[in-house]
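Here the structure is laid out as structure tokens; the discussion comes afterwards.
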Amino acid sequence: MFDSGLDSDFFKSKQSSYPWHIIEHDDGHLEDSIAGGPANRKTVSKIEHTASCISTHQGEHLMSFCDATQHGQGIDLVITGGMPAYASMLAVKIDKKKQITCSFEASYPMTIPGEKLQWRITKKALRMKNDEIKAGTRLYGWLTVEFEEITTLNAQTTRMTYKIEGYVKPVIQAAATRR
């Protein structure tokens, strides 16, 4: 699970973009496609690309964002990206014993009444550059997750296999405390 020699050009790169719903036009003005109007450059921030993972789900695409939250001695990673066309997320939990569990979710614009969708993780691996997991540090890692999408409709079941693989480099955030 730990590989001190793990390296990638992605770990050294600095790339960011506006949230998926902010469009930057050729003339430089910003548009908020959700609000349906102009966006103010002073109030809209770019988001650092903290993942460089390729997903084969719904067509091959890049997932550019990884959020990491520390919970006790464990950490939760959430990998997303590709909106609005690819509305999916991969969640990876690393417990205090450094064991990992994964789950996948996707949203589809149209589903058929009675259709049931499930995702089952079939393979998973995570390598991290070091084993330090604490808020405020950057986690450098590489992951690969394979999963089945199981669709059931009218007692007929179909299975499709997909994969998400690539590098992550999120800054670990402390979990919010409840009052």
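The analysis underlying the following values was restricted to heavy atoms, covering all of them including side chains, and did not include hydrogens, waters or symmetry mates. We number each residue from 1, following the sequence as shown.
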Quick one about His49 and Ser17 (side-chain donor to acceptor, distance below 3.5 Å, no hydrogens or angles considered), yes or no? yes

Same cluster for Leu6 and Phe10 if Ile/Leu/Val/Met/Phe/Trp/Tyr side chains link at under 4.5 Å?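 Same hydrophobic cluster.
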
Does one hydrophobic cluster hold both Leu90 and Ile172, with members joined at side-chain heavy-atom distances below 4.5 Å? yes

Considering residues at least two apart in sequence or located in another chain, which fulfil the ring pair (Phe, Tyr, Trp, His ring centres under 6.0 Å) criterion with His61? Tyr86

Other residues, nucleotides and ligands only: do more than 12 of their heavy atoms fall within 6.0 Å of [atom1] on [X]?
X: Asn40; atom1: CG; value: yes
X: Lys12; atom1: NZ; value: yes
X: Asp9; atom1: CG; value: no
X: Met160; atom1: CE; value: no

State the CD1-CD distance between Ile54 and Glu165, to the nearest 0.5 angstrom.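 Nearest 0.5 Å value for the CD1-CD distance: 9.5 Å.
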
Inter- and intrachain pairs under ring-ring contact (aromatic ring centres under 6.0 Å, His included), touching residues 23-45, at least two apart: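 Listed once each, the pairs are His25-His29.
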
[X] versus [Y]: any side-chain heavy-atom pair under 4.5 Å?
X: Val44; Y: Pro19; result: yes
X: Phe147; Y: Lys124; result: no
X: Lys163; Y: Thr144; result: yes
X: Thr50; Y: Val168; result: no

Closest heavy-atom pair, Ile75 versus Ala68, reported as atoms and distance to 0.1 Å, is CD1-CB, 3.8 Å

Where does the angle between the aromatic ring planes of Phe104 and Trp119 fall among parallel (under 30°), tilted (30 to 60°) and perpendicular (over 60°)?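 Judged by the thresholds at 30° and 60°, the geometry between Phe104 and Trp119 is perpendicular.
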
Aromatic Tyr18 / basic Lys46 pairing, under 6.0 angstrom, 45° off normal: yes

Considering only residues two or more places apart or on different chains, which pairs with a residue in residues 68-80 satisfy side-chain hydrogen bond (donor to acceptor under 3.5 Å, both in side chains)?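 side-chain hydrogen bond (donor to acceptor under 3.5 Å, both in side chains) check on residues 68-80 returns His71-Asp76, Asp76-Lys93.
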
For the side chain of Lys169 and the backbone of Cys66, is there at least one donor-acceptor N/O pair under 3.5 Å apart? no

Do the charged groups of Glu31 and Arg41 touch, with an N to O distance under 4.0 Å? no

